Amino acid sequence: MLSASGPIGVFDSGVGGLSVLRHIRAQLPDEDLIYFADSGHAPYGSKSEAFVIDRSFRIADFLLSQKIKALVVACNTATAMAIHLLRDKYPDLPIVGVEPGLKPAAAKTITGIVGVMATERTLSSNKFHVLHQTLNDRTGVHFIMQPCPGMADLIEHAELDSEPIHTLVRRYLTPLLEQKADTVVLGCTHYPFVRHVIEKIAAESGCPDLRIIDTGYAVARQLTHLLDIYAIRRGKTDCASAMQAYTSGDPKTIGHLIARLLQTTMPVAYISL
């Protein structure tokens with residue numbers, strides 16, 4: 001039985017899902033949150049499908065042991081590979097995944113050309129292929145797929161303003177701009193943390209009005225909708241909401257990144273799954 005007082009579980013291969021967590025905090029400030037960063041096995045984008053599915057099940061089982069009332073898969077790769085299996089295994093649990101923002105991008109583009117920056121694993125998934133093909137046929141928008149190997153890994157290690165991250169962003173963004181893309185989808189939850197770098201390079205390339213699609217807001221909105229449908233949204237209380245983080249990586253590193261990326265602190269505990 002799901003309880004309105006239970007926490008919401010959120011997980012990602014690492015710190016990228018914090019970009020989703022901050023939208024959830026903003027839209028649902030009264031909810032308790034548990035975040036799991038699987039940094040000891042990040043990034044997922046270079047891992048096999050079987051590996052990603054296994055990790056997703058292990059983490060979901062752990063979060064369920066913490067009495068969560070809803071699960072957010074704040075990772076594009078895990079969503080693409082495992083969310084349908086998670087929903088099959090836990091049919092009574094509200095589960096929200098991260099969908100690449102192709103649909104809002106198609107609505108915003110003026111040139112009809114949209115760049116999609118994502119991991120190789122996300123771009124090669126059947127779930128992504130079906131969504132891409134459907135929208136391409138329906139809207140006539142041309143989507144340019146740009147795999148971005150190495151980018152999530154640098155962000156995972158707090159390389160948010162370094163020369164290597166500027167080099168990678170320029171390498172992956174420039175071909176999209178050269179092909180007249182006026183809208184770019186951030187198809188990995190790590191990428192919003194280098195949005196400032198993307199905007200800077202776009203401006204230097206003569207594209208200061210580049211539209212950037214970050215799907216974290218839509219995920220939080222869908223989560224709110226599901227909590228209302230299940231009647232488990234927590235009402236306002238006199239108690240402050242709580243946040244707890246767990247990681248399979250280094251707790252000090254995750255704590256540092258949480259402070260830097262979210263401008264807040266939360267307890268971080270190591271756990272091996």
Side-chain angles (χ1 to χ4, degrees), residues 6-22 24-25 32-83 85-87 89-90 93 95-98 118-122 125 148-160 188-194 216 219 242-262 264-273:
I8 295 165
V10 181
F11 83 87
D12 179 40
S13 62
V15 299
L18 293 172
S19 68
V20 176
L21 188 76
R22 64 182 175 183
I24 295 173
R25 278 182 66 209
D32 292 341
L33 303 173
I34 299 177
Y35 184 79
F36 191 97
D38 198 18
S39 299
H41 301 90
Y44 283 176
S46 60
K47 302 295 193 299
S48 70
E49 183 172 353
F51 181 89
V52 173
I53 290 170
D54 177 67
R55 294 306 301 166
S56 298
F57 278 146
R58 288 173 184 262
I59 295 166
D61 285 341
F62 167 73
L63 291 172
L64 282 164
S65 76
Q66 305 302 303
K67 308 301 182 185
I68 62 169
K69 64 181 178 183
L71 177 65
V72 178
V73 184
C75 173
N76 292 80
T77 301
T79 296
M81 299 295 170
I83 197 166
L85 299 174
L86 290 169
R87 286 173 174 151
K89 186 174 181 180
Y90 312 110
L93 181 70
I95 301 178
V96 182
V98 181
T119 67
E120 294 170 290
R121 183 63 64 187
T122 293
S125 71
C148 302
M151 237 170 82
D153 196 40
L154 284 180
I155 296 166
E156 188 70 24
H157 291 88
E159 301 260 0
L160 307 183
C188 171
T189 53
H190 282 72
Y191 300 171
F193 290 121
V194 292
V219 172
M243 293 191 296
Q244 169 71 50
Y246 296 92
T247 183
S248 59
D250 178 18
K252 289 184 179 179
T253 300
I254 298 301
H256 169 72
L257 286 166
I258 287 171
R260 181 173 182 182
L261 299 175
L262 298 185
T264 190
T265 59
M266 70 174 83
V268 184
Y270 171 80
I271 186 166
S272 176
L273 299 178

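From a predicted model like this one, the values you see are computed outputs, not experimental measurements. Along the sequence shown, residues carry numbers from 1.
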For a 4.5 angstrom cut-off between non-hydrogen side-chain atoms, does [X] reach [Y]?
X      : Y      : answer
Leu273 : Arg55  : yes
Leu262 : Met243 : no
Val268 : Tyr35  : no
Phe11  : Val73  : yes
Glu120 : Ser46  : no
Leu261 : Leu160 : yes
Ile258 : Thr265 : no

More than 12 heavy atoms of other groups within 6.0 Å of Lys89 NZ: yes
Taking all non-hydrogen atoms of both residues, which atom of [X] and which atom of [Y] are closest, and how far apart?
X      : Y      : answer
Glu156 : Ser39  : OE2-OG, 2.7 Å
Met151 : Val194 : CE-CG2, 4.3 Å
Ala152 : His190 : O-CD2, 3.5 Å
Arg87  : Val96  : NH2-CA, 4.2 Å
Ser248 : His41  : OG-ND1, 3.7 Å
Tyr270 : Gly249 : CD1-O, 3.2 Å

Kindly state whether the ring of Tyr246 and the ring of Phe62 have centres lying under 6.0 angstrom apart. yes
Ignoring hydrogens and angles, tell me if any N or O in the side chain of [X] forms a donor-acceptor pair with the backbone of [Y] under 3.5 Å.
X      : Y      : value
Gln244 : Pro267 : yes
Thr247 : Ala37  : yes
Ser13  : Pro43  : no
Ser56  : Ala78  : no
Thr79  : Gly97  : no

Does the pair Lys67 and Asp32 meet the rule for a salt bridge (Lys or Arg N to Asp or Glu O under 4.0 Å), with working shown? CA-CA 11 Å; Lys67 308 301 182 185; Asp32 292 341; over 6 Å; no
How long is the gap from [atom1] on [X] to [atom2] on [Y], to the nearest 0.5 Å?
X      : Y      : atom1 : atom2 : result
Asp153 : Glu159 : CG    : CD    : 9.5 Å
Ile83  : Ile53  : CD1   : CD1   : 12.5 Å
Thr253 : His256 : OG1   : NE2   : 8.0 Å
Leu93  : Ile68  : CG    : CD1   : 5.5 Å
Cys188 : Arg121 : SG    : CZ    : 14.0 Å
Arg25  : Leu18  : CZ    : CG    : 10.0 Å

Mutual orientation of the aromatic rings belonging to Tyr90 and Phe57 [parallel < 30°, tilted 30-60°, perpendicular > 60°]: perpendicular
Among Asp38, Thr122, Thr77, Thr119, side-chain hydrogen bond (donor to acceptor under 3.5 Å, both in side chains) partner for Tyr44: Asp38
